[in-house]
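Beneath this line is the structure, given in structure tokens, with notes to follow.
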Amino acid sequence: MLKEIFRKNRKFMLLSVATSLIASLATLAIPFLSNRLFAQVADIQLINVLLVVGVMLGSYFFQVLLILLRENAAVNVNEKNLRQFLDKLFHVEYDTMIATGNNNLIDKVAALTNSIYQFMLNDVIQLVSAVVIITGSLFWLYRENLFYGLAVNCLIPTTFFGYKLLNKELGRRSKKLQAVTSKNFQDIMSIYEQPDFVKQQVHFSGIEHLMAQRIQEIYQAHAEINRFAGTSSQIINFLNTFVENAILLLISYQVAIGKTQVGSLVVFTLVISIFFDAVYSLNHLNLNYTRLKVNTAFYQEEISGNLETTTGTPVTTIEKLAFKAPTVTVGDTKFSYPLTAQFTPGDVVYLAGKSGAGKSTLVRALLNVRPVTGITINELPLNQLDKGTLRGRIAYVPQSASLIPGTLRENILVDTQQSPEVDAKIQQLNILQPLWQNKSLDTLILRNGENLSGGEKQRVAIARALLQEADVYIFDEVTSNLDGTSQEIFFSEFIASLEKKIVFIISHDEGVAQYANRRLTF
């Protein structure tokens, strides 16, 4: 997967490589120019000092220009990657969305997008810069002193492979950490996503009691991985710091006894400093790459590994729908229905049964969101149909209306193209007439429709279904928040307009049954 991502973004990576080459060469230029400058301490020319300063300023401004160009390109790269990942998330299986949590999945998608951006932007730059700087520094050190060159050269494989082993173990532990934090944060979010429940509590202690163990598990997992990472990396850092300081002490001693000029100490200090900075950056690079691999593994396991099948027979219209002892699988549980019935356009079906009998589970299965047998459409098994075109022919209005932060128009249209004609059609819908008293199509709807009443939320959801112009309509307790008069108007007018549709109505109000011409009892 990573190879494919890098291939698609190769132009952006080339721009990052060009930026890093220029930056690293500019970094190396300073000590090399300083070496020439301090070669003869007694004969330092102002023009040479100005040359070094000019190179520093010139490289700075040129790097800033490249950064601006790179960041402009990064906007398109990040947008493209995030859209691609969200498109995959759109096709994740229904039960995976519920089990893992959409908030959690979106957080991980965002983390993967940011990890890719971080790697292609900063980490590629660090890698190229580190290689160039380490190579140039070693070349200079070997030329000046073979012993010093060998000493720092031995640190490269020790440091790199030491951190590689460390980060490999961190990657394994990070997957465990991710699983713990994801589950527990999802549980915490599920509590705070219910403000009515939260505000019913007198003290925070009640909420705190529910979250205490989850919070403890999260930060115990963090502490375990940080203890391991901190102690292990300290050993490698100590070795590098010891060699770095030993070399500088030896050079200082040679200056003190007159065997080396002060200028050499200055240049050695610069070269050693940028060399070890480059070596340390390799560790940072390895750590970020490990994080990227962990995020990629999560994406492949939880998203790419749980995608719905997209192949099947396209559904252009639904002319016949049949139940033949259907079975719906929800997780590890199977719901079986001893029903045999066939439905054609014009059938308005009232589903009767006790609460918990599985009425909603059965009709929701018509959208092919779960493994199901015993349901056919146009005499074809449900699982042989194309999911996208099937869902385009079925309008499902659940008991809890789904609303998004946006305008009222956006909540009704979703993916329907906006136009003056469509706006006029929306405003003429009888179900929405009460809303126009204090709202317009441009009214902003808050998250979860907090600025709408329960009845208004249901009206918006119903209007969205009406604009879909489907062949099958499913209304699951959709008028529970409407007053008796509004409910009567809705069913009497709406059902009359659906004489060529198949309609399923779920309601605990037996009075609704009068608007149906068929009854299905569970």
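In this chain, residues are counted from 1 in sequence order. All values derive from a computational prediction rather than experimental measurement.
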Inset, instruction - Assess whether atom CZ of Phe204 is packed by more than 12 heavy atoms of other residues, nucleotides or ligands within 6.0 Å. - result: yes
Donor-acceptor pairs under 3.5 angstrom involving side-chain atoms of residues 351-360: please list them, not counting sequence neighbours.
| residue | atom | partner | partner atom | Å |
| --- | --- | --- | --- | --- |
| Lys359 | NZ | Gly353 | O | 3.2 |
| Lys359 | NZ | Lys354 | O | 3.1 |
| Ser360 | OG | Asp476 | OD1 | 3.3 |
| Ser360 | OG | Asp476 | OD2 | 2.5 |

Inset, instruction - Could you tell me whether a side-chain N or O of Arg391 sits under 3.5 Å from a main-chain N or O of Leu367, the two making a donor and an acceptor? - result: yes
Inset, instruction - Find out whether the Lys NZ or Arg CZ of Lys501 is both under 6.0 angstrom from the six-membered ring centre of Tyr473 and within 45° of the ring's axis. - result: no
Legend entry - Backbone N/O of Val315 and side chain of Thr389: donor-acceptor pair under 3.5 Å: yes
Inset, instruction - Check the pair Leu435, Thr443 against side-chain contact (heavy atoms from CB on, under 4.5 Å), reporting the backbone distance first and the verdict last. - result: CA-CA 10 Å; Leu435 271 71; Thr443 297; over 6 Å; no
Legend entry - Pair Asp187 + Lys183: basic N to acidic O under 4.0 Å: yes
Inset, instruction - For the pair Arg393 (side chain) and Ala470 (backbone), establish whether a donor and an acceptor sit closer than 3.5 Å, ignoring hydrogens and angles. - result: no
Inset, instruction - Please answer whether the main-chain N or O of Tyr396 pairs with a side-chain N or O of Arg364 as donor and acceptor at a distance below 3.5 Å. - result: no
Inset, instruction - Without swapping roles, check the side chain of Asn306 against the backbone of Asp95 for a donor-acceptor pair under 3.5 Å. - result: no
Inset, instruction - Check the surroundings of atom CD in Glu217: do more than 12 heavy atoms from other residues, nucleotides or ligands lie under 6.0 Å from it? - result: yes
Legend entry - Lys NZ or Arg CZ of Arg173 over Phe228 ring: under 6.0 Å, within 45°: yes
Inset, instruction - Check the pair Glu93, Lys387 against salt bridge (charged side-chain N to carboxylate O under 4.0 Å, His left out), reporting the backbone distance first and the verdict last. - result: CA-CA 11 Å; Glu93 294 173 344; Lys387 289 183 171 66; over 6 Å; no
Inset, instruction - Check whether any side-chain N or O of Glu302 sits under 3.5 Å from a backbone N or O of Tyr299 as a donor-acceptor pair, and report yes or no. - result: no
Legend entry - Phe504 ring center within less than 6.0 Å of Tyr350 ring center: no
Inset, instruction - Would you check if there is a donor-acceptor pair between the side chains of Asn81 and Thr113 at a distance under 3.5 Å? - result: no
